[in-house]
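Naming: A, B, ... by sequence-line order, numbering from 1 per chain.
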Amino acid sequence: MMQTNHAAHTTVPVLELAHLSKSYGEVRAVAGLSLSLNPGEVVALLGENGAGKSTVVNMITGMTRPNSGQIRVRGKEVLIASPRDALDRGIGVVHQHYALVGDFTVAETLALGRAGPGRLNRQALHAEVRRVAERIGMQIEAGALIGSLDVAGQQRVEILKALSREVGLLVLDEPTAVLSPEDVARLFDVVRALRADGVAILMVTHRLADVFAVCDRAAVMHSGQLVCDLPVMDVTSEGLISAMISGSTDTVQESERMPGDVMPARQAAPANDAPTRVSVRDLALRRANGSQAVQGLSFDIRAGEIMALAGVDGNGQSELVQCLAGVNLPDGGTAEICNCSSDGPWSPRVLRHAGVAHVPDDRRRQAIISDLSLGANMILSHVFSRRYGRAMLDWSRARDDTSRAIDEYDIRTTGPDQPIGRLSGGNQQKLVLARELLAGPKVILAAHPSRGLDIRTIGAVQNILRQQRDAGAAILLVSADLDEIRALADRVVVLAAGGAFGPVDMAQTDTAQIGAWMAGHT
Amino acid sequence: MKSSLVLPSLDRDSRVALLVLGIGALALLGLIALAGESPLRILAILIGEGFLNRAGIADSLVRSIPLTLAGLGVVLAFRAGVFNIGVEGQLLIGAALAVACAPILSPLPSALSLPLLLLAGTLGGAVWGGIAGFLKARFGANEIIATIMLNYIAIQMVSWLIRGPLQEASGIFPRSDKLANSLRLPILFDGTRLSAGLIVAALACVAVWFLVARSRYGYALTVTGKNPDAARYGGIRPGVIAFSVLCLSGALAGLAGIVEVSGLHGRLQEGFVGGIGITAIAVALLARLNPIWVPVAAFGFSGLYVGSDSVARLTEVPFPLVHVIEGMIVLAFLVLQILTMAKER
Ligand SMILES: Nc1ncnc2c1ncn2[C@@H]1O[C@H](COP(=O)(O)OP(=O)(O)OP(=O)(O)O)[C@@H](O)[C@H]1O
Ligand SMILES: [Mg+2]
């Protein structure tokens, strides 16, 4: 284990964790972790899925209590009993999943949970929003409805909420996972402004680019332990990756790499006579709140082809995937998938029967039932196929499938009977992927399939998608990550500001062009 | 894996349930002391008369039959997140339909007529539940309001039936004729009122457990109740689930109704439901919506009912203890549910 000895700060650390441990039953989520953050320091917390990052965040922010070890805030040992307690001590947090009320305005959201009885003083609230936003150079409209904001906007509200009290430490759990490149840049401006104000920031992330862009120090966790804590100028991405994967900063053993690390060559472009699996004509879609999300969208996806759907979240990607999965009907135009048409019977059941697999973007809302076992979650997508029997469920087969998925995808769990809600975010995602790809789907709708996954798993997932493609699946890949799109897609469609650009062959475009489309420029 | 769906285990929820019961019991003892009686003496009567002598146990078992059947129905509906408050109406309509069919059935041999009678009761309850289910699935009506309204309609309907078309031949009291002996569930033990309804209830428990734990339909119910969005994503149609589960839930309530008539009272009469509807909900909640625990919870409640009857007879406690207990349990679980919901935010 390496320690920092680079700076002899005279200041008291904002936060000091000493030998912190947390177990859930048999699972040692965090084991003897020590870490300190100085004022104005941005520390990246890295690690594979299930390494214990969120557990550290939860202990710092009062969501769970450590089994042993101490937490010191500005040199004083404290017991953080609840999230409110954490805020009182100057620790603000933006969790990966936001808990916002759609019908409230930004300013009202800020008042939520701390306003006393009586009338709200809206003017004062708006003034406060503007003051905080200005301090950190954030653009936000105090009167905007939460429901009308995109993910990036909602994240800004969460940050504002955390900063509306005097905080010395801001904790961000995977803040960049959901953002477009432009919004990431904006978030980093805010981070830099806070740093200049002397706020310490702990940022959980899977993206090495984030580390080198804004962080001062990189802390890497492996199996609950801190295995590396170094100034960013002293680390390389290779070193960080090997620390994450193997727990030491030595070079990675070749055998420890996952197959996804090596990108196989594209075997053959899809033949022009490959059958069309997905066909969308003049499609119009509405958001849940009634506004127009997509209009006049047309494209085809053939068997053995990956079509990327690029664009900043909130421009209709989610609505399109939900529609193609049969959850919603189109507002105009038609969609056809494998002989099913949206003019005929169109439901998740019909489409799943036709061979559609669906990895939704909002995992916790749609794809899992938190307090049911992994095995029970495995069944969800196959309830109406004969895989697990008809009237009576074949639980032992579900269990076998689950155990195999646990091995194949390296899911960190105590076994197929563990409630899925107990797994780390990335490990939940792995089970969802395993389930969706289980039955050899003809069409795969994959919305941000690698969101929340660690580098090694992303490689593996991308590889699996390539295998599925080569096996003849038609894949719609929703992604805001240009690297991922470049690595996987044959063609790309960009949704931005109510319009669609493309589809165009990846060979005939470049990332700059796609980036410009994503920003809404032609 | 099955265990995560139904098998009993002392998870956090059940521990909280036991805690709630403990606190409730303490509060009750306090109330009794306030009423000027010795809590210990009351407790001795309550437990002794309800659970510890032969007559008490037999009486408790008698009461637990309809509670188990109706409680199982509530379990199914609540598991799917469908709040069926209409047990009473479904039970009444089930019993009424079966009694109305009695004249047609009584000439048949008993081996045929009795099952058909029970079937008629089941059907009546299913139809009454199904109406609420249809309103919910088709028009998005709130099932709580729909089932409560249907309760009122059912009460009025039965009240009219036993004064009109179904009234006894002599036309004196507002009640139906006694069922023919061939249509009565046989008494299991001489000297008690315990009928073969006990066997019906036991079979129903096994069937419902099997449905919930092993069948695809039971899985769909559980998923719909826990996460309707995920259910839809998996191809389960929440509307179909809501309709079908209200039919099933009503069917069990209707069965409870006709078993109560055929096994105990022998005829349709006013007030024979006696609060089974509400108690069945308390039973289901106390059983943590787990079919295995339903008969246990039902027997527990029945024993308290029998015991508190004795308490009322023998002492000065000025209130029906069991109603206080029941109210407390329902309230406690509602609070618990709200707390867990708030926590999940
Ligand atoms: N409530 C819980 N009950 C049981 N085990 C838990 C619970 N929360 C987390 N764990 C376990 O603790 C370990 C660490 O989980 P944690 O969520 O901290 O991982 P993480 O580093 O945030 O991973 P990810 O990158 O996937 O989000 C995992 O093995 C997980 O299964
Ligand atoms: Mg996490």
Side-chain angles (χ1 to χ4, degrees), chain A residues 97 99-101 113 322 325-328 347-353 356 358-360 362-386 388-396 398-400 402-403 415-421 432 435-436, chain B residues 1-14 16 78-81 137 206-241 244 248 288-290 336-337 339-345:
Chain A
H97 306 279
L100 296 172
V101 187
Q322 295 293 330
V327 180
N328 296 326
S347 70
R349 188 151 159 188
V350 169
L351 289 166
R352 281 193 182 280
H353 191 72
V356 175
H358 177 196
V359 181
D362 194 342
R363 174 179 62 235
R364 291 206 313 172
R365 186 175 67 79
Q366 208 174 16
I368 63 171
I369 310 116
S370 298
D371 47 0
L372 294 189
S373 66
L374 269 67
N377 275 281
M378 196 68 171
I379 295 176
L380 182 61
S381 305
H382 308 282
V383 213
F384 296 107
S385 75
R386 308 253 163 101
Y388 301 118
R390 302 186 67 180
M392 290 299 142
L393 286 180
D394 183 351
W395 281 96
S396 67
R399 210 195 157 86
D400 291 346
T402 311
S403 300
D417 294 342
Q418 193 178 25
I420 197 168
V432 172
R435 174 182 76 201
E436 294 308 309
Chain B
M1 190 167 310
K2 289 142 216 157
S3 65
S4 60
L5 275 181
V6 283
L7 278 187
S9 69
L10 271 185
D11 53 19
R12 194 186 63 93
D13 275 5
S14 351
V16 175
F78 279 33
R79 276 189 88 91
V206 175
V208 170
W209 174 81
F210 205 73
L211 189 72
V212 167
R214 296 294 172 83
S215 78
R216 178 164 85 183
Y217 182 72
Y219 176 85
L221 282 189
T222 308
V223 171
T224 309
K226 286 187 183 293
N227 185 347
D229 285 322
R232 210 169 290 124
Y233 159 89
I236 298 163
R237 281 170 291 184
V240 174
I241 293 289
S244 60
L248 267 180
R288 302 304 297 153
L289 303 188
N290 186 333
L336 201 69
Q337 192 144 24
L339 283 182
T340 35
M341 260 161 52
K343 210 178 150 197
E344 272 163 21
R345 288 266 156 90

Is A:Ile368 in contact with chain B via its backbone, its side chain, both, or neither, using a 4.5 Å heavy-atom distance? backbone
Proximal component of B:Ile236, with respect to chain A [non-hydrogen, under 4.5 Å]: both
Does B:Arg216 count as lying over the ring of A:Phe384, i.e. NZ or CZ under 6.0 Å from the six-ring centre, within 45 degrees of the axis? no
If you round to the nearest 0.5 Å, how far is CZ of A:Arg352 from OG of A:Ser385? 9.5 Å
Contacting moiety of A:Ala325, where chain B heavy atoms sit under 4.5 Å: neither
Between A:His353 and A:Val350, is there a side-chain heavy-atom distance shorter than 4.5 Å? no
Below 4.5 Å from any heavy atom of chain B, which atoms of A:Arg365 appear? Answer side chain, backbone, both or neither. both
If you draw a 6.0 Å radius around CZ in A:Arg390, do more than 12 non-hydrogen atoms from other residues or ligands fall strictly inside? no
